[in-house]
Student: 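This structure is in structure tokens; I'll ask about it shortly.
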Amino acid sequence: MYNNKLAVCIMGIQGCGKGTQSKKIKEAYDLAHISTGDLFRMHITEQTPIGKELKGYLDEGDLVPDELVIRLLKQEIDRQGKGFILDGFPRNTTQAEFLLQEFEIDKVIYLELPEDLAIARMSARQNCPSCGIDYNLIHKPKVADTCDKCGKELHRRADDNPKAIAKRVATFKKQTEPLLDFFVAKNILVKVDADQAPELVFGQIKETL
Ligand code: ADP
Ligand code: ZN
């Protein structure tokens with residue numbers, strides 16, 4: 001199972017479980033998990049010079065300009081210096097072309113989920129700022145907006161509001177979904193049904209890697 005040289009991407013509509021599956025893949029194959037969204041949120045939280053610019057795009061649910069995404073991604077891949085799973089990249093044709101020019105990508109995993117389910121999942125996504133527990137459609141808090149363990153009020157991602165959700169999904173449909181055909185043509189695309197329990201989704205991913 002150990003393969004430090006794998007280079008894999010995971011794609012799919014918001015809420016499809018990319019983050020959850022990436023963590024499992026990272027562990028099982030000893031890869032660097034590189035999530036562009038997490039990377040950007042880290043810049044924002046740590047108030048780095050670039051964080052302020054990034055925050056404007058993320059809060060609105062807009063894509064970050066390609067040049068900036070590519071620069072930060074390259075830096076992170078170099079810094080990690082090992083095989084990787086990319087989560088949230090590429091999202092448009094420019095990014096996809098850059099990726100295949102620069103790296104030898106073994107597989108692109110596409111997690112399929114209908115739009116209505118994706119929106120329901122995102123709307124249910126909450127986190128406890130105090131103990132870090134994640135809540136979602138499967139794991140709901142007993143009392144709305146309240147942590148089961150510590151009673152603190154639950155937080156949502158700043159961009160998990162109806163307006164930003166609608167924008168992110170529209171951008172996905174328009175710019176990211178068409179990349180399916182691009183990767184099919186390169187013979188590296190694998191589709192997995194994301195409307196199953198996380199362990200089952202992961203089981204199917206493992207069969208393909
Ligand atoms: P989601 O996929 O649910 O929108 P992410 O955490 O993957 O959430 O990304 C959060 C935000 O970060 C996106 O809405 C976008 O603003 C920005 N972002 C992440 N990856 C990219 C990318 N590859 N290109 C442009 N913007 C990106
Ligand atoms: Zn808590």
Side-chain angles (χ1 to χ4, degrees), residues 9-23 33-45 50-77 84-99 102-103 108 110-111 113 115 117-136 139-177 179 194:
C9 291
I10 189 157
M11 293 178 57
I13 193 165
Q14 287 81 7
C16 70
K18 289 191 298 284
T20 306
Q21 295 301 326
S22 296
K23 288 186 189 109
H33 172 203
I34 301 178
S35 154
T36 42
D38 286 351
L39 188 62
F40 300 158
R41 279 186 289 274
M42 189 207 70
H43 277 278
I44 295 170
T45 311
I50 224 151
K52 206 170 155 198
E53 188 187 345
L54 289 169
K55 184 170 163 47
Y57 297 114
L58 267 75
D59 283 356
E60 287 298 314
D62 288 327
L63 288 187
V64 174
D66 293 329
E67 257 183 38
L68 183 53
V69 179
I70 287 173
R71 178 153 62 83
L72 293 174
L73 178 75
K74 266 174 142 172
Q75 269 175 17
E76 185 60 16
I77 290 178
F84 52 78
I85 167 127
L86 291 185
D87 162 5
F89 187 97
R91 295 203 192 210
N92 59 30
T93 310
T94 307
Q95 296 182 7
E97 282 169 352
F98 159 82
L99 186 72
E102 201 87 354
F103 303 100
V108 175
Y110 188 81
L111 297 183
L113 190 72
E115 182 175 336
L117 281 180
I119 291 175
R121 283 193 189 178
M122 266 185 283
S123 311
R125 193 152 76 177
Q126 288 182 301
N127 172 274
C128 175
S130 183
C131 39
I133 297 176
D134 290 321
Y135 294 88
N136 51 47
H139 178 219
K140 292 181 188 162
K142 293 198 178 75
V143 179
D145 303 325
T146 309
C147 180
D148 290 351
K149 191 173 169 210
C150 72
K152 288 248 166 64
E153 187 177 344
L154 298 177
H155 274 197
R156 260 175 223 291
R157 256 170 60 170
D159 58 355
D160 276 348
N161 65 74
K163 194 171 155 220
I165 288 176
K167 214 185 211 181
R168 284 153 60 210
V169 168
T171 305
F172 174 81
K173 292 261 161 196
K174 189 157 172 235
Q175 298 194 43
T176 312
E177 210 172 45
L179 299 179

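In each ligand, atom 1 is the first atom listed, and ligand 1 is the first ligand listed.
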Student: Taking distance alone, with no angle check, do Arg157 and ligand 1 share an N/O pair under 3.5 Å?
Tutor: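 Indeed, backbone or side chain, Arg157 has an N or O that close.
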Student: Measuring only between side-chain heavy atoms, which start at C-beta, is Glu115 closer than 4.5 Å to Ile13?
Tutor: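 Yes, at least one pair of side-chain atoms sits under 4.5 Å.
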Student: Tell me: protein heavy atom nearest atom 13 (C) of ligand 1, and distance?
Tutor: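 That would be Arg91 NH1, 4.1 Å.
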Student: Taking all heavy atoms of Leu99 and all of Pro90, pick out the closest pair and write down the distance.
Tutor: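 Heavy-atom minimum between the residues: CD2-CD, 4.0 Å.
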Student: Tell me which one of Thr36, Val64, Ile13, Asp62 gets a heavy atom nearest to atom 16 (O) of ligand 1.
Tutor: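 Minimum heavy-atom distance to atom 16 (O) of ligand 1 goes to Asp62.
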Student: Is it the side chain (CB and beyond), the backbone, both or neither of Met122 that lies under 4.0 Å from ligand 1, heavy atoms counted?
Tutor: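 Answer for Met122: neither.
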Student: Taking distance alone, with N or O pairs closer than 3.5 Å, would you say Gly61 contacts ligand 1?
Tutor: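 No - when backbone and side-chain N and O of Gly61 are compared with those of ligand 1, no distance drops under 3.5 Å.
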Student: Relative to the heavy atoms of Lys18, which atoms of ligand 1 are at a distance of less than 4.0 Å?
Tutor: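 Those qualifying, in numeric order: 2 (O).
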Student: Going by the order shown, which atoms of ligand 1 are within less than 4.0 Å of some heavy atom of Gly37?
Tutor: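 Answer, ordered by atom number: 5 (P), 6 (O), 9 (O), 19 (C).
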Student: Can you find a heavy atom in the side chain of Cys147 that is under 4.5 Å from one in the side chain of Cys131?
Tutor: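 Of all side-chain heavy-atom pairs linking Cys131 with Cys147, at least one is under 4.5 Å.
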Student: Taking 4.0 angstrom as the limit and counting only heavy atoms of Gln95, give me the atoms of ligand 1 inside it, by number and element.
Tutor: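 What qualifies from ligand 1 is 22 (C), 23 (N), 24 (N), 25 (C).
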Student: Can you confirm whether Arg156 sits close enough to Asp145 that some side-chain heavy atom of one is under 4.5 Å from a side-chain heavy atom of the other?
Tutor: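 Yes, their side chains come closer than 4.5 Å.
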Student: Can you list the ligand 1 atoms lying under 4.0 Å from a non-hydrogen atom of Phe40?
Tutor: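 Contacts of ligand 1 toward Phe40, numbered from 1: 12 (O), 17 (C), 18 (N), 19 (C), 20 (N), 21 (C), 27 (C).
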Student: Considering heavy atoms of the protein only, find what lies nearest to atom 1 (P) of ligand 1 and give residue, atom and distance to 0.1 Å.
Tutor: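 The protein heavy atom lying closest is Gln14 CG, 3.4 Å.
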Student: Quick one: the SG of Cys131, the Zn ion (ligand 2), SG of Cys128 angle, rounded to 10°, please.
Tutor: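 An angle of 110° at the metal.
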Student: Charged N to carboxylate O below 4.0 Å: is that the case for Lys163 and Asp59?
Tutor: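 A salt bridge is absent here (no side-chain N lies under 4.0 Å from a carboxylate O).
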Student: Which ligand 1 atoms does Leu58 reach within 4.0 Å, using its non-hydrogen atoms?
Tutor: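 Those of ligand 1 that fall under 4.0 Å from Leu58 are 11 (C), 12 (O), 16 (O), 17 (C).
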Student: Report the part of Leu63 (side chain from C-beta onward, or backbone N, CA, C, O) that has a heavy atom under 4.0 Å from ligand 1; answer both or neither where that applies.
Tutor: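 Leu63 to ligand 1: contacts from backbone and side chain alike.
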Student: Within a radius of less than 6.0 Å around NZ of Lys55, do more than 12 heavy atoms belonging to other residues, nucleotides or ligands occur?
Tutor: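 No, not enclosed.
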Student: For the pair Glu102 and Ile77, evaluate side chain to side chain contact (heavy atoms under 4.5 Å, CB included) and give the outcome as yes or no after the intermediate values.
Tutor: CA-CA 11 Å; Glu102 201 87 354; Ile77 290 178; over 6 Å; no
Student: Counting non-hydrogen protein atoms only, what is the nearest one to atom 4 (O) of ligand 1? Give residue, atom name and distance.
Tutor: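 The answer is Arg168 NE, 3.0 Å.
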Student: For Arg41, take its heavy atoms, then give the atoms of ligand 1 lying under 4.0 Å from any of them.
Tutor: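 What qualifies from ligand 1 is 6 (O), 10 (C).
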Student: A quick test of your reading: do over 12 heavy atoms of other residues, nucleotides or ligands sit less than 6.0 Å from CD of Gln75?
Tutor: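 Counting other residues, nucleotides and ligands, CD of Gln75 exceeds 12 neighbours.
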Student: Which atom names give the shortest non-hydrogen contact between His139 and Asp134, and what distance separates them?
Tutor: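 That would be ND1-O, 2.9 Å.
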Student: For Arg41 and Asp38, run side chain to side chain contact (heavy atoms under 4.5 Å, CB included): C-alpha distance rounded to whole Å, both residues' side-chain angles, the deciding distance at 0.1 Å, then the answer.
Tutor: CA-CA 5 Å; Arg41 279 186 289 274; Asp38 286 351; 2.9 Å; yes
